[in-house]
Amino acid sequence: MPELPEVETTVRDLRQYLPGKTIDKVSLADWPRMIQTHPPEILSQLLAGEQILGLERRAKYIIVNLTNDKYLVFHRKMTGNLFFRQQDAPADKYTHVVIAFTDGTELRFTDLRKFGRVYLFLGKAELDGLLGRLGPEPLLDSFTPQDFQEIMRPRKGNLKVLLLNQDVLVGLGNIYVNEALFVSGLNPQRTAQSLTDGEREKLYHAIRQVLNTGIENRGTTLSDYLDGEGNKGRNQEILFVHNRDKEPCRTCGTTIAKIVVGQRGTYYCPTCQPGESSQ
DNA sequence: ACAAAGCCCTGATAGC
DNA sequence: TGCTATCAGGGCTTTG
Ligand SMILES: [Zn+2]
């Protein structure tokens, strides 16, 4: 699933191709529910003639900045992908939205499960309505260990659930949160309240480490994720615990366990991440 | 503030 | 083989 590293990789890919393109029309929109803000034909009208100025990532959203203060936004949820293609290139499976450009190229939004969403915002204020409640970006230089201490220290409840809450901190999904907890040696069943300052410090660095490594490896392809050109990432080859239940821990050899925390599959090493574990 | 469950979806997998 | 039930989960909503 696309988490921060996958979204960042895709944005960097698309940044090579999209800026300067002029939108011709929305040439496919066969699942209207995926377009959150407008009916397909209205979206097409509002986009026609606008030019792409640049791309940004915020949390797991891809934001395409357009002329006339318009913002085209994509969230890929579980199985969504964005591909830059020639209009006459072979079809991509599960394509549900296509933005066609005037030069014969197009942007394809594919999504097996149709959970992905497209938004068009007219003006920065509308955009901020979507992005306004999001927590800080963990990879910014301005995000310090002290910032992390301050957002985590007052929180209660389960640690892993908290780290997945995008209002607290953005970018982590199930894969990278499992990895970050392993790297920091913290059991996923720990409560946020139980952490010491030292453990929070380790967690801060672990989060940045696993996310940066994910970007260096161009994302984790377990089943569906592909980059802006349709290629797999490599991060799945070096995962410590995620999707590795019944396999040996790369550090100590203990069998990786799988439990459910916050209604999500949770992988950890019982030896490297000691703590309460009532399976 | 936090927890748990339901919703949206469909390919893969397990069970009979 | 062929059917049916279950599972995976990001973000949102509803209920407690
Ligand atoms: Zn271990």
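So you know, we letter chains A, B, ... as the sequences are listed, proteins then strands, and number each from 1. This one's a predicted model, so the numbers in the text were calculated from it and none came from an experiment.
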Where along residues 233-244 of chain A does a heavy atom fall under 4.0 Å from DNA chain C?
none
Ignoring hydrogens and angles, state whether a donor on the side chain of A:E247 or A:Y267 is under 3.5 Å from an acceptor on the partner side chain.
no
Quick check on B:dC2: is either OP1 or OP2 less than 4.0 Å from any side-chain nitrogen or oxygen of A:R155?
yes
Mind calculating the distance between CG (A:L162) and P (B:dA1) to the nearest angstrom?
11 Å
A:K70 and A:L120 have their tightest heavy-atom pair at CB-CD1, 4.2 Å
Within the pair A:Q263 and B:dA5, is there a side-chain N or O less than 4.0 Å away from OP1 or OP2?
yes
Strictly below 4.0 Å, N to O, side chains only: are A:E106 and A:R108 in salt-bridge contact?
yes
Which residue, A:K232, A:R218, A:R12, forms the side-chain hydrogen bond (donor to acceptor under 3.5 Å, both in side chains) with A:D227?
A:R218
Could you work out how much the helix from B:dC2-C:dG16 to B:dC16-C:dG2 bends, comparing the axis of its first five pairs with that of its last five, to 10°?
50°
So A:R33, base contact, sugar-phosphate only, or nothing? Heavy-atom distance under 4.0 Å.
sugar-phosphate
Does a side chain donor of either A:D13 or A:T10 reach within less than 3.5 Å of an acceptor in the other side chain?
no
With heavy-atom distances below 4.5 Å as the criterion, would you say the side chains of A:T220 and A:E6 are in contact?
yes
When you check the gap from the basic side-chain N to the acidic O, do A:E216 and A:R234 get nearer than 4.0 Å?
no
Donor + acceptor pair across side chains of A:D111, A:T79 (<3.5 Å)
yes
Do the side-chain N and O atoms of A:D69 and A:Y71 include a donor-acceptor pair separated by under 3.5 angstrom?
yes
Is A:K160 close enough to B:dA3 that one of its side-chain N or O atoms is under 4.0 Å from OP1 or OP2 there?
no
For A:G262, answer base if it contacts any base atom (sugar-phosphate contacts may also be present), sugar-phosphate if it contacts only those atoms, and nothing otherwise; contact means non-hydrogen atoms under 4.0 Å.
nothing
Roughly, in whole Å, what's the span from CG in A:L222 to P in B:dT13?
13 Å
Take atom CD1 of A:I151 and atom C1' of B:dA1, then tell me their distance rounded to the nearest Å.
16 Å
Between P on B:dA12 and CZ on A:R113, what's the gap in Å once rounded to a whole number?
10 Å
Per-nucleotide protein contact string for nucleotides 10-16 of chain C (B base, S sugar-phosphate only, - none; heavy atom under 4.0 Å)
BBS----
Can you confirm whether the side chains of A:E50 and A:T67 place a donor and an acceptor under 3.5 Å from each other?
yes
So, A:Y204 versus A:F143, ring centres under 6.0 angstrom or not?
yes
Starting at NZ of A:K114 and ending at P of B:dC7, how long is that distance when rounded to a whole Å?
19 Å
Any salt bridge between A:R190 and A:E199, counting N to O under 4.0 Å?
yes
Within the structure shown, what part of the strands sits under 4.0 Å from A:D111 by heavy-atom distance: base, sugar-phosphate, or nothing?
nothing
Residue-phosphate contact under 4.0 Å: A:W31 side-chain N/O, B:dC9 OP1/OP2
yes
